[in-house]
2 protein chains.
Amino acid sequence: MPSMPATAGFASPGHDHGPCLDDVVERAKAAFDREGLRLTPLRRHVLEEIAQSHRAVGAYEVLENLARKGGRRLAPISVYRAIDSLVAAGVVHRLESRNAFFACHAPHGGDRRQIILACEQCGAVAEVTEKAVFQGIAGAAKAASFDMRRALVEVMGVCGGCRTAEGAAT
Amino acid sequence: MPSMPATAGFASPGHDHGPCLDDVVERAKAAFDREGLRLTPLRRHVLEEIAQSHRAVGAYEVLENLARKGGRRLAPISVYRAIDSLVAAGVVHRLESRNAFFACHAPHGGDRRQIILACEQCGAVAEVTEKAVFQGIAGAAKAASFDMRRALVEVMGVCGGCRTAEGAAT
DNA sequence: GCTGTTTGGTTATCCTATAACATGGCGCCA
DNA sequence: TGGCGCCATGTTATAGGATAACCAAACAGC
């Protein structure tokens, strides 16, 4: 199993993406299986489209791409349903601040306490685990007598790859 | 000046909201003034609509409410422009995970390092400051060689007021 | 008065997401 | 082997969120 550690930074710009994709699909299969559900062709295509890169993509972008490749054009609801199932399975996450979705390349079970780093330049997304941060958030919530169900940490900025590229271009 | 501390928890359910509203409007005036801009009637109405409660409201909800009260119906773009100016002035924030807006009742200057607590039951929103959390996030970003520009922390859950109400109802 | 900026109106369009209802497939088991 | 129930998807329609492009009025400063 080549899977990455639960804390995964940004993939290097020129890396071989094949294994990343295969790994995601493998985990998707397993996850659906565990729940007695099926990774149908539709779901698989949607997943592959999203996991094509490390970027976060909109549902309609997925729709477009599938239409261009697959021939026939799906209804939005079909794409959303597929995405929903993938999100429920934990292999795709939603980037709330951009209404977009990205594949999870850092298997972390049911644990949703990841910091999401989103590059404003190339659109790439990475997840990192930082328990202390979520403990701090839990503490702050408790202090406000707030019963926390879920915490969302999304960080906007520029990834190392883009910074390097910028520097080189100047 | 009755203004709340920079870290403000949830307002108590039955509190007198008048001063909250006045305070927000006062700060809006000052903020627009500082920038050489104007808190016009339109902007003021939109602000008052948002600051009416401690809840996060959608742009179209604001639109509806203004139409019902003010008589004539604005174009969406007008509401969005007003909201944009209020967000830029720092008196209104955006709740990314719900595409909604709420008034800032916790003056914190240009500092955007607040944890946002959003009650799933009553819709109320509170901001709390927790420097350690944002330091932790900054550290994690740095470790991933990510140049962080802005961090977003939104927590979903149930506020104390709703928990109390629930308990009482049972 | 002229000029530039701010503000907001008008119209149109795009993107994001879901409701409601109908159909086909598949496993189960009696 | 017929019926039940759930999963998955199709079809159609609509709701909800946001912005582009263009134009006109209001106001500030010289």
Side-chain angles (χ1 to χ4, degrees), chain A residues 28-29 31-47 49-50 55-68 70-89 91-102 123 154, chain B residues 28-29 31-50 55-68 70-89 91-102 118 123 154:
Chain A
K29 264 187 202 150
F32 276 98
D33 241 47
R34 258 197 310 278
E35 307 288 327
L37 304 179
R38 281 161 285 165
L39 180 58
T40 61
L42 173 60
R43 289 172 175 173
R44 189 185 173 127
H45 290 145
V46 168
L47 174 56
E49 200 49 51
I50 294 174
R55 293 176 43 241
V57 298
Y60 281 75
E61 199 178 333
V62 171
L63 183 56
E64 270 316 305
N65 293 342
L66 288 178
R68 248 183 292 117
R72 82 197 215 64
R73 159 168 246 92
L74 293 164
I77 184 81
S78 292
V79 175
Y80 276 102
R81 283 197 282 229
I83 291 177
D84 284 350
S85 73
L86 295 166
V87 169
V91 290
V92 163
H93 301 318
R94 183 188 166 82
L95 186 61
E96 303 282 353
S97 57
R98 276 186 16 217
N99 298 328
F101 305 89
F102 62 96
E154 295 182 1
Chain B
K29 264 187 200 152
F32 277 98
D33 241 49
R34 259 197 310 278
E35 307 287 327
L37 303 178
R38 280 159 284 166
L39 180 60
T40 60
L42 172 60
R43 288 171 176 174
R44 190 187 172 126
H45 290 145
V46 169
L47 173 57
E48 286 174 346
E49 199 50 50
I50 294 174
R55 292 177 42 242
V57 297
Y60 281 72
E61 198 178 334
V62 171
L63 184 57
E64 269 317 304
N65 293 343
L66 287 177
R68 249 184 291 116
R72 81 197 213 66
R73 159 168 247 92
L74 291 164
I77 184 79
S78 292
V79 175
Y80 276 103
R81 283 199 283 231
I83 291 176
D84 283 349
S85 73
L86 295 166
V87 169
V91 291
V92 163
H93 301 317
R94 183 187 167 83
L95 186 60
E96 302 283 353
S97 57
R98 275 189 12 220
N99 299 328
F101 304 89
F102 63 95
E154 295 182 0

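Sequence lines set the chain letters: A, B, ... in the order given, protein chains first and strands last, and positions in each chain run from 1. Any value given below was found using the heavy atoms of this structure, including those in side chains, with hydrogens, waters and symmetry copies removed. Bear in mind that the values here come from a model prediction, so they are computed numbers and not experimental data.
- Atoms NE2 (H45(A)) and P (dT9(D)) sit 11 Å apart, rounded to a whole Å.
- Phosphate proximity of dG8(C) to T40(B): present, with a side-chain N or O under 4.0 Å from OP1 or OP2.
- With values rounded to the nearest 0.5 angstrom, E154(A) atom CD is found 7.5 Å from E154(B) atom CD.
- Taking side-chain N and O atoms only, S78(B) has a distance below 4.0 Å to OP1 or OP2 of dG9(C).
- We find that CD1 of I83(A) is positioned 10 Å from P of dT18(C), with the value rounded to whole Å.
- Straight-line distance from the CD atom of E96(B) to the C1' atom of dT16(C): 15 Å, rounded to whole Å.
- At a threshold of 4.5 Å between non-hydrogen side-chain atoms, the residues F102(A) and V57(A) do not count as touching.
- When rounded to the nearest whole Å, the span between CZ of F32(B) and P of dC27(D) equals 17 Å.
- The shortest distance between the side-chain N/O atoms of R43(B) and the OP1/OP2 oxygens of dG8(C) is below 4.0 Å.
- One interatomic measurement links the two molecules: CG of N99(B) to C1' of dT19(D), which rounds to 14 Å at whole-angstrom precision.
- In the interface, the side chain of Y60(B) is not paired with the base of dG16(D) through any donor and acceptor atom under 3.5 Å apart.
- In this structure, I77(A) atom CD1 and dC21(C) atom P are separated by 14 Å, rounded to whole Å.
- Between the CZ atom of F101(B) and the P atom of dG16(D) there is a distance of 16 Å, rounded to whole Å.
- A sub-4.0 Å separation between OP1 or OP2 of dT19(D) and a side-chain N or O of Y80(B) is absent.
- Here dG9(C) is the nucleotide among dG9(C), dT19(D), dT10(C) with the atom lying nearest to any side-chain atom of L74(B).
- Two residues are said to be in side-chain contact when any heavy atoms from C-beta on lie closer than 4.5 Å; E96(B) and R98(A) fail this criterion.
- Salt bridge annotation for E64(B)-R73(B): present, with a cationic side-chain nitrogen under 4.0 angstrom from a carboxylate oxygen.
- In this structure, R94(A) does not reach the dT16(C) phosphate: none of its side-chain N or O atoms is under 4.0 Å from OP1 or OP2.
- L42(B) comes within 4.0 angstrom of sugar-phosphate atoms only, judged by non-hydrogen atoms across all strands, and of no base.
- Atom CG of L95(A) is separated from atom P of dC15(C) by 18 Å (rounded to the nearest Å).
- For dG10(D), its base sits under 3.5 Å from the side chain of R81(A) at one donor and acceptor pair at least.
- Each of R38(B) and A59(B) was assigned the nucleotide of DNA chain D with the nearest heavy atom; the assignment lying further toward the 5' end belongs to A59(B).
- A 4.5 Å side-chain heavy-atom check between E49(B) and E61(B) finds every atom pair outside the cut-off.
- R98(B) comes within contact range of no nucleotide atom at all, as no heavy-atom separation falls under 4.0 Å.
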